[in-house]
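All heavy atoms count here, side chains included; hydrogens, waters and symmetry mates do not. The sequence lines fix the lettering, A, B, ..., with proteins before strands; numbering per chain opens at 1.
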Amino acid sequence: MKKIRKDAAEALDGLLFDGMTIMAGGFGLCGIPENLILALRDSGVKDLTIISNNAGVDDFGLGLLLHTRQIKKMVSSYVGENKEFERQYLSGELELEFNPQGTLAERCRAGGAGIPAFYTKTGVGTLIAEGKEHKEFNGETYIMETGLVADLSIVKAWKADPEGNLLYRKTARNFNPMMATAGKATVAEVEEIVSLGDLDPDCIHTPGIFVQRLIKGDHEKRVEQRTVRQRENA
Amino acid sequence: MKKIRKDAAEALDGLLFDGMTIMAGGFGLCGIPENLILALRDSGVKDLTIISNNAGVDDFGLGLLLHTRQIKKMVSSYVGENKEFERQYLSGELELEFNPQGTLAERCRAGGAGIPAFYTKTGVGTLIAEGKEHKEFNGETYIMETGLVADLSIVKAWKADPEGNLLYRKTARNFNPMMATAGKATVAEVEEIVSLGDLDPDCIHTPGIFVQRLIKGDHEKRVEQRTVRQRENA
Amino acid sequence: MAERAAKELEDGFYVNLGIGIPTLVANYIGEDIDVTLQSENGMLGMGPFPYEDEVDPDLINAGKQTITELRRTSYFSSADSFGMIRGGHIDLSVLGAMEVSEKGDLANWMIPGKMVKGMGGAMDLVAGVKRVVVVMDHASKSGAPKLLHECALPLTGKQVVDMVITNLGVFEIERGKGMKLIELAPEVTVDEVKSLTEADFEVAV
Amino acid sequence: MAERAAKELEDGFYVNLGIGIPTLVANYIGEDIDVTLQSENGMLGMGPFPYEDEVDPDLINAGKQTITELRRTSYFSSADSFGMIRGGHIDLSVLGAMEVSEKGDLANWMIPGKMVKGMGGAMDLVAGVKRVVVVMDHASKSGAPKLLHECALPLTGKQVVDMVITNLGVFEIERGKGMKLIELAPEVTVDEVKSLTEADFEVAV
């Protein structure tokens with residue numbers, strides 16, 4: 001039970017410092033570590049470099065840390081849903097590094113797997129390729145992208161056992177598994193902590209070795225685009 | 001049901017040609033595609049390059065294809081359990097390329113994921129590094145290894161649904177998932193074909209997109225090293 | 001245009017549909033063919049929008065819209081999802097565009113001087129998917145051509161587009177080579193197309 | 001030697017034990033510490049050998065021996081397993097060796113002229129694991145030293161060993177720097193160790 005912490009503040013205690021790099025799981029608002037983001041805000045830690053596919057919305061997710069200006073730089077693939085982001089970026093207060101989404105995902109995986117760099121076709125011939133090493137393989141041109149690691153990774157899973165084994169749910173998995181491997185420390189928040197042995201060992205998405213601390217959180221799980229269809233004859 | 005074939009011979013029909021490269025899943029004799037290996041033997045296809053962590057034993061697994069001299073070259077990490085292998089290798093009949101096990105696994109993953117090459121610390125300063133590109137990252141030296149693809153991958157899973165979604169069991173997973181992604185065609189043999197919807201979508205190890213053909217096989221599942229303990233007071 | 005794009009789908013295809021008009025392609029998939037939709041945020045086998053009481057915040061597509069799963073569905077990580085895309089396992093992608101060049105260059109992610117939202121997964125999709133079909137208006141509202149000799153906007157991918165479907169017609173592109181008009185929309189003439197197109201193209205209607 | 005190696009394990013450690021004597025280390029893990037064993041064929045949380053009626057061909061360790069699972073066990077692919085190893089997530093590896101140099105070079109996979117069985121996962125383990133402990137006989141049966149200035153055999157890894165435990169004593173190695181004798185086995189003298197060692201080492205017992 002040594003990995004389980006009382007709450008998000010305690011789970012981050014001693015791990016934070018100004019200027020640090022943090023990976024945050026999630027795609028849009030789906031599968032984001034809501035509770036740990038709130039605790040980051042409350043901690044006041046600043047000058048953060050945040051590696052996250054998106055940047056939340058104005059009043060939820062990573063948008064909260066933009067509002068308090070705790071973020072110095074974002075590494076993301078898409079930041080379209082955030083007015084405060086736009087304001088800070090256009091005024092030069094916020095740095096932004098765009099990565100193609102698949103390149104970002106692979107960079108996190110590589111960092112966690114001890115791979116300092118890899119080659120990809122993605123982005124060849126575009127702005128993304130400028131300044132990057134080009135190399136031919138079998139007559140095609142590829143660019144080199146580097147692995148990413150973070151001082152801290154914060155991830156959201158569905159269930160965990162006390163060893164830190166994690167199970168994600170549906171598309172809330174997204175970037176969480178790779179980011180869990182790429183943090184010098186990784187803190188996970190989950191909806192439910194089950195007993196040891198309750199998770200199917202063939203179906204553990206993140207083995208506990210990658211998780212140093214763990215909390216049960218309360219999750220609002222906000223929906224960004226509620227699209228529905230109507231029942232016929234209803 | 002379009003992916004399901006009657007038997008191993010039918011599942012390989014039209015996919016084989018002399019001189020082809022085949023990836024075969026499994027670690028030792030655990031999780032090997034027994035039925036498809038037998039069908040390969042019976043097909044008579046020859047001059048094969050086989051990418052597989054091990055080479056079976058004399059009378060089981062890939063050892064069967066060595067016996068019939070259908071294999072021209074092996075790419076493996078360890079081939080210690082096979083006398084016929086040793087004989088053919090020492091007489092120069094068989095080519096052998098050793099890869100560190102983790103490098104072999106990653107090369108298969110890379111091939112399936114469109115990554116033509118990556119860097120690793122594994123093997124730096126050893127024979128394995130000779131002739132390979134060296135590069136420094138953060139003051140440490142790494143070598144470049146290339147992605148692998150195969151004309152055909154044969155894998156063994158526990159369960160499949162008719163879409164080709166695969167679930168592996170315990171340590172019989174090993175190289176199978178990566179190899180399934182790295183074959184121009186991938187044929188899977190399983191112990192059970194369940195109905196569509198019977199597999200938990202959060203717990204599918206190999207999505208059906210990677211599997212072109214599928215059979216239910218009969219599996220001997222031979223044990224290489226039967227190590228047991230005695231019950232006390234028994 | 002979505003209806004025309006749907007004709008590019010073949011039985012057994014694995015397909016990724018971009019945000020906007022490409023999403024509508026799903027509505028025109030023939031009953032006689034079996035197509036599996038991939039969503040790059042980590043799902044294969046995407047179902048329709050949910051009924052109101054089925055909405056699940058953990059189940060969204062790449063456009064962040066709520067969706068449903070099917071009996072064939074599997075979920076996976078973003079790394080595995082883009083491994084699938086980059087590795088060439090997706091048969092077809094349908095995407096929107098701002099500009100396409102006669103050699104198949106595609107621009108659809110940024111306009112210099114405007115706030116850039118990011119490329120998301122578009123660069124990965126065009127680089128990795130076997131066949132890329134673009135669906136877009138033939139020209140801007142002011143009549144400026146969007147099929148050009150060279151894209152003016154920053155590229156999403158170089159020599160990546162195989163087909164362009166516009167409101168005026170359908171073009172095939174041999175990547176790196178050139179463009180061919182293969183279909184005209186009803187009541188549209190080749191001259192009309194030419195007048196709204198900067199790119200050179202062969203006529204084969 | 002296995003018993004001595006077990007003292008290097010700390011509470012909460014994730015550990016990979018090589019084939020042979022290193023496997024025996026598991027028998028000496030203290031009751032008061034909680035150690036999780038990794039098996040590079042795709043398992044974290046390796047249990048003891050099975051009872052006869054528990055033998056499962058789908059459940060083996062890297063030495064191809066039948067084993068059991070624990071309540072904490074997780075399974076994963078070989079790629080994920082070596083991602084774990086290469087990425088530096090394993091705290092300690094205990095391995096056998098044929099030769100170790102005073103700078104921490106390790107040779108344990110091939111003897112030129114003999115049939116080579118392959119390096120298996122050894123090169124990955126020594127390159128990736130945080131701390132590498134070698135357990136081996138101090139000298140060959142004929143009395144030839146195995147702790148050398150430079151390894152004569154082909155290397156498994158360069159400057160990768162942190163500690164060597166032999167039947168005569170325990171050596172610490174500062175990778176790339178040098179070797180230090182820190183413990184003597186019972187009734188063994190420094191002179192005895194020196195007479196069977198080619199490598200230079202500092203004495204700090």
Any donor-acceptor pairs between chain D and chain A, under 3.5 Å? If so, list them.
residue: A:Lys2; atom: NZ; partner: D:Asp11; partner atom: OD1; Å: 3.1
residue: A:Lys2; atom: NZ; partner: D:Asp11; partner atom: OD2; Å: 2.7
residue: A:Lys3; atom: NZ; partner: D:Tyr14; partner atom: OH; Å: 2.7
residue: A:Gly112; atom: O; partner: D:His89; partner atom: NE2; Å: 2.8
residue: A:Ala113; atom: O; partner: D:Arg86; partner atom: NH1; Å: 2.9
residue: A:Asn165; atom: ND2; partner: D:Arg72; partner atom: O; Å: 3.1
residue: A:Thr181; atom: O; partner: D:His89; partner atom: NE2; Å: 3.2
residue: A:Gly197; atom: N; partner: D:Arg71; partner atom: O; Å: 3.3
residue: A:Pro201; atom: O; partner: D:Tyr75; partner atom: N; Å: 3.0

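Contact residues of residues 41-51 of chain A toward chain D are absent (heavy-atom distance under 4.5 Å).
Within a 6.0 Å radius of CG in A:Asp7, other residues, nucleotides and ligands contribute more than 12 heavy atoms.
By the 4.5 Å heavy-atom criterion applied to side chains, D:Leu44 and A:Ile204 are not counted as neighbours.
Comparing A:Ile209, A:Leu196, A:Val149 by heavy-atom pairs within less than 4.5 Å of chain D, the highest count is held by A:Ile209.
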